[in-house]
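Scroll down for the structure; my scribbles are underneath it.
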Amino acid sequence: MGSVRLLDCTLRDGGHINQGAFGKNVIKATIENLVKAKIDIIEAGFLWDSETGDDVARYHTISELKKYLPKDMGSSKISLMADNVDLSHLEPNDGTVEFIRLSFRKTEFDWAEKQLAILKEKDYKVYINPIHGSSFTDQEYLEIIDRVNRMEPYGFSIVDTFGAMRQSDLGRIYYLIEHNLDKNIVLGVHLHENLGLAYSLAQYILNIVSPVRDVTIDGSLFGMGKVPGNLCIEQFMDYMNHEYDTSYAIEPVYDAIDEFIMPIYEKTKWGYSIPYALSAQCSVHRTYAEYLTDKERLRTKDISRLLKEIEPEKSEIFDEAYIEGIYQKYMDSNFDDETDLKAVVAEINKFDKIVVIAPGSSLKTLTLSDELKKDACLISVNFMYDGADMNYHFFSNAKRYHYDADVDMSKMIITSNLMEDVENPGYVVSRNELVYHDDIFCDDSTLMLLNLLRLCENKKIYIAGFDGFKRNEDNFYETSLERKVRPDDYDQELRTEIIKNSYSKLNVEFLTPSVYAKSFKRK
């Protein structure tokens with residue numbers, strides 16, 4: 001192989017974690033440490049379409065960048081990346097920045113071609129980085145390579161945006177490029193950690209690369225980057241030192257990770273995780289996996305099934321309305337529940353009172369009176385309450401559904417989306433009839449159960465554990481019930497409005513503290 005250079009993209013790709021807001025001192029210190037480490041190319045951030053301030057690794061002009069750079073750059077060179085911005089205003093190259101990389105979708109090639117001409121005129125070395133490389137067909141790659149050869153950039157990169165490549169994929173794409181790309185164009189490689197393969201793939205490309213092809217390998221400190229992250233550059237520095245007798249100094253990089261990266265990591269984790277592995281396996285945008293994971297009502301196998309439903313033309317750009325439609329279709333099992341609904345309502349109507357037990361942390365203080373235990377119909381919501389003998393267990397959430405083998409299944413009331421996973425439940429009711437379809441709490445389990453109970457005779461309903469979310473506190477009865485709390489969980493006003501509009505006439509009394517208690521006062 002020809003020369004191999006390492007490019008650190010922490011301040012650029014890592015900026016997806018914190019919107020580039022590292023702070024002026026951290027930007028400067030990170031660059032200084034990377035220079036000490038003898039990193040070949042330091043990507044200091046994004047070129048932006050306007051000024052962003054001193055604390056953000058995004059720059060409108062090269063002059064804005066200069067204040068962050070040490071006087072002695074050693075052997076390190078500076079790179080910046082541009083993504084769909086006009087660079088005609090940029091200053092001519094004065095030696096501050098040697099490389100500019102253009103990141104774009106295959107439909108934006110005209111933009112890249114135009115910017116390349118501008119930048120070459122200004123004497124910058126330009127990398128062409130078409131993203132979503134794993135989604136290209138061989139024919140598309142050949143067409144792209146032909147166009148790139150005519151453009152004559154400095155470099156051309158394989159960008160595994162979806163983190164979907166395995167050795168066979170990377171090898172196929174590399175040989176396609178190698179046999180068709182001009183030999184004078186440097187090959188770049190940017191790998192993501194969706195499948196946990198970035199380190200092995202980076203080694204693999206060096207094992208197969210042509211003896212005359214120069215290569216640039218991207219990485220970042222501790223793999224920092226848009227979740228799940230990138231190749232850990234400190235790992236590959238060590239690999240290069242061990243296998244190729246290079247002289248990267250790793251200690252300054254370790255210092256930078258300890259001082260600057262770990263505090264960010266403690267707040268926002270990145271790295272290999274199952275949902276992003278699934279998005280890679282299905283070759284779709286990572287945000288689809290994030291969106292479905294945030295539902296907190298889907299198991300891993302459900303997420304996998306939904307990602308496989310995404311059409312190829314929708315895979316590259318996240319479309320929230322599109323994936324929400326797939327989710328609703330998956331959850332909305334068509335089920336005629338007339339028989340079961342009449343039966344369960346009749347059984348509940350045999351009791352004078354109803355006690356709804358939701359899984360909020362206030363249950364730790366609940367003491368049910370002997371009268372309620374004797375005379376009321378006790379129904380738990382999406383968990384198995386052990387503080388009293390339940391008459392029924394209501395489940396609408398697949399992730400919450402689990403039970404001991406000796407549970408009386410006749411006591412199970414499930415919504416129709418769980419039919420494939422629950423054997424012999426007592427009653428199945430249509431999920432479609434219990435949810436709202438026009439707000440973020442459409443499938444709140446307690447509200448769904450109350451929707452069912454509205455069909456019962458005018459019973460007195462006691463509620464416990466329907467607390468409302470509170471910041472920096474335990475929100476669930478048991479640790480095993482804890483889940484990721486979404487920002488909208490703290491939006492008590494919307495739930496309150498739903499309750500006032502649809503449930504305020506119910507005869508409700510709260511047995512434990514709740515932010516929703518006043519919403520149920522009867523008109």
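On a predicted model such as this, the values are computed, not experimentally measured, just so you know.
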Take R150 and D182, measure what salt bridge (Lys or Arg N to Asp or Glu O under 4.0 Å) needs, and give me the verdict at the end. CA-CA 9 Å; R150 286 184 272 116; D182 188 293; over 6 Å; no
Contact between L34 and L221 at the side-chain level, heavy atoms closer than 4.5 Å - yes or no? yes
Does a side chain donor of either E193 or Y276 reach within less than 3.5 Å of an acceptor in the other side chain? no
State whether the side chain of D336 and the backbone N or O of E338 hold a donor-acceptor pair below 3.5 Å, judged by distance alone. yes
When every non-hydrogen atom of C9 is compared with those of H190, the smallest separation belongs to SG-CE1, 3.9 Å
Please work out whether the ring planes of Y265 and W270 are parallel, tilted or perpendicular, with thresholds of 30° and 60°. perpendicular
For K308, what residues pass the salt bridge (charged side-chain N to carboxylate O under 4.0 Å, His left out) criterion, not counting sequence neighbours? none
Apply side-chain contact (heavy atoms from CB on, under 4.5 Å) to residues F466 and V356 and explain how you reach the verdict. CA-CA 9 Å; F466 189 38; V356 172; over 6 Å; no
Can K329 and E309 be counted as an ion pair, charged N to O under 4.0 angstrom? no
Students often mix this up, so state it plainly: with edges at 30° and 60°, are the rings of Y199 and F236 parallel, tilted or perpendicular? perpendicular
Per side-chain contact (heavy atoms from CB on, under 4.5 Å), P153 is matched among L102, V186, I185 by I185
Compare all side-chain heavy atoms of H179 with those of Y174 and state whether any distance is below 4.5 angstrom. no
Does some side-chain heavy atom of N397 sit less than 4.5 Å from a side-chain heavy atom of S445? no
Answer yes or no: is there a donor N or O on one side and an acceptor on the other, between the side chain of S200 and the main chain of L197, under 3.5 Å? yes
I310 vs C282, side-chain contact (heavy atoms from CB on, under 4.5 Å): CA-CA, chis, key distance, verdict: CA-CA 9 Å; I310 297 172; C282 298; over 6 Å; no
How close do L11 and E43 get, heavy atom to heavy atom, and via which atoms? CB-O, 3.8 Å
Measure the OH-CD1 distance between Y254 and I250 for me, rounded to the nearest 0.5 Å. 4.5 Å
For E243 and Y239, test the side chains for any donor-to-acceptor distance below 3.5 angstrom and give the result as yes or no. no
Rounded to the nearest 0.5 Å, the CG atom of D337 sits from the OG atom of S430 at a distance of 5.0 Å
Contacts of type salt bridge (charged side-chain N to carboxylate O under 4.0 Å, His left out), residue D386, not counting sequence neighbours: none
I'd like to know whether Q328 forms a side-chain contact (heavy atoms from CB on, under 4.5 Å) with R431, so could you lay out the CA-CA distance, the side-chain angles of the two residues, the decisive distance to 0.1 Å, and finally the verdict. CA-CA 10 Å; Q328 289 295 344; R431 177 181 180 274; 3.7 Å; yes
Value rounded to 0.5 Å, distance of CD1 in I303 from CD in E290: 11.0 Å
Backbone of V85 reached by a side-chain donor or acceptor of D49 within 3.5 Å: no
Between S220 and N230, does a side-chain hydrogen bond (donor to acceptor under 3.5 Å, both in side chains) hold up when you go through it step by step? CA-CA 6 Å; S220 58; N230 307 303; 3.3 Å; yes
Is the side chain of N417 donor-acceptor paired with the backbone N or O of S396 at a distance under 3.5 Å, no angle test? yes
Do Y141 and P130 touch side chain to side chain, with heavy atoms closer than 4.5 Å? no
Checking the side chain of S304 only, and the main-chain atoms of T300 only, is there a donor and an acceptor separated by less than 3.5 Å? no
Hey, is the main chain of L434 close enough, under 3.5 Å, to the side chain of N451 for a donor-acceptor pair? yes
Check whether D340 reaches the backbone of V429 with its side chain - one donor and one acceptor, N or O, closer than 3.5 Å. no
All heavy atoms of L447 vs all of D444, minimum pair found to be N-OD1, 3.1 Å
K106 and E316: CA distance, side-chain angles, deciding distance, salt bridge (Lys or Arg N to Asp or Glu O under 4.0 Å) verdict: CA-CA 10 Å; K106 57 189 174 186; E316 292 189 31; 3.5 Å; yes
Please work out whether the ring planes of H393 and F395 are parallel, tilted or perpendicular, with thresholds of 30° and 60°. tilted
Does the cation-pi check pass for K411 over Y392, that is, NZ or CZ under 6.0 Å from the six-membered ring centre and within 45° of its axis? no
Could you grab the distance from atom CD1 of I217 to atom CD1 of I233, nearest 0.5 Å is fine? 10.0 Å
Grab the two heavy atoms, one from I413 and one from L452, that are nearest each other, plus how far apart they are. CG2-CD2, 4.4 Å
Check residues 161-172 and write down every donor-acceptor pair under 3.5 Å in which the side-chain atom is one partner and the other belongs to a residue at least two apart or another chain.
{"from": "T161", "atom 1": "OG1", "to": "H132", "atom 2": "N", "distance (Å)": "2.6"}
{"from": "D169", "atom 1": "OD2", "to": "R166", "atom 2": "N", "distance (Å)": "2.9"}
{"from": "R172", "atom 1": "NH1", "to": "D138", "atom 2": "OD1", "distance (Å)": "2.4"}

Going through the checks in order, is the side-chain contact (heavy atoms from CB on, under 4.5 Å) test met by I17 and V227? CA-CA 8 Å; I17 297 292; V227 183; 3.9 Å; yes
Treating Y427 as the side-chain partner and S410 as the backbone partner, does any N or O pair qualify as donor plus acceptor under 3.5 Å? no
Could you check, using the six-membered ring where one of them is a Trp, whether Y288 and F318 have ring centers closer than 6.0 angstrom? yes
Charged N-O contact under 4.0 Å between R101 and D218: yes
Validation row, ring centre Y385 to ring centre Y477 under 6.0 Å: yes
Counting only N and O atoms by type, is there a donor-acceptor contact under 3.5 Å from the side chain of H285 to the main-chain atoms of T287? yes
Presence of salt bridge, K314 and E311, under 4.0 angstrom: no
Quick one, V126 and Q115 - any side-chain contact, counting heavy atoms below 4.5 Å? no
Work out which heavy atom in L87 is nearest to a heavy atom in A82; give both atom names and the distance. CD1-CB, 3.8 Å
Donor-acceptor contact below 3.5 Å, side chain N149 vs main chain N180: yes
Are D467 and S514 close enough that a side-chain donor and a side-chain acceptor fall under 3.5 Å? no
Show, in sequence, the C-alpha distance, side-chain angles and deciding distance for F156 and Y127, and conclude whether the ring pair (Phe, Tyr, Trp, His ring centres under 6.0 Å) test is met. CA-CA 5 Å; F156 173 75; Y127 281 80; 9.9 Å; no
Decide if the gap between the ring center of F22 and the ring center of F260 is smaller than 6.0 angstrom. no
Please round to the nearest 0.5 Å and tell me the distance separating atom CG of L449 and atom CG of N382. 9.5 Å
Do the side-chain N and O atoms of N129 and S103 include a donor-acceptor pair separated by under 3.5 angstrom? no
To the nearest 0.5 Å, atom CD1 of I177 lies from atom CD1 of I158 at 3.5 Å
Least distance between heavy atoms, I326 atom then L306 atom: CG2-CD2, 3.5 Å
Between F99 and Y154, is the ring pair (Phe, Tyr, Trp, His ring centres under 6.0 Å) condition met? List the steps. CA-CA 9 Å; F99 306 101; Y154 178 83; 5.3 Å; yes
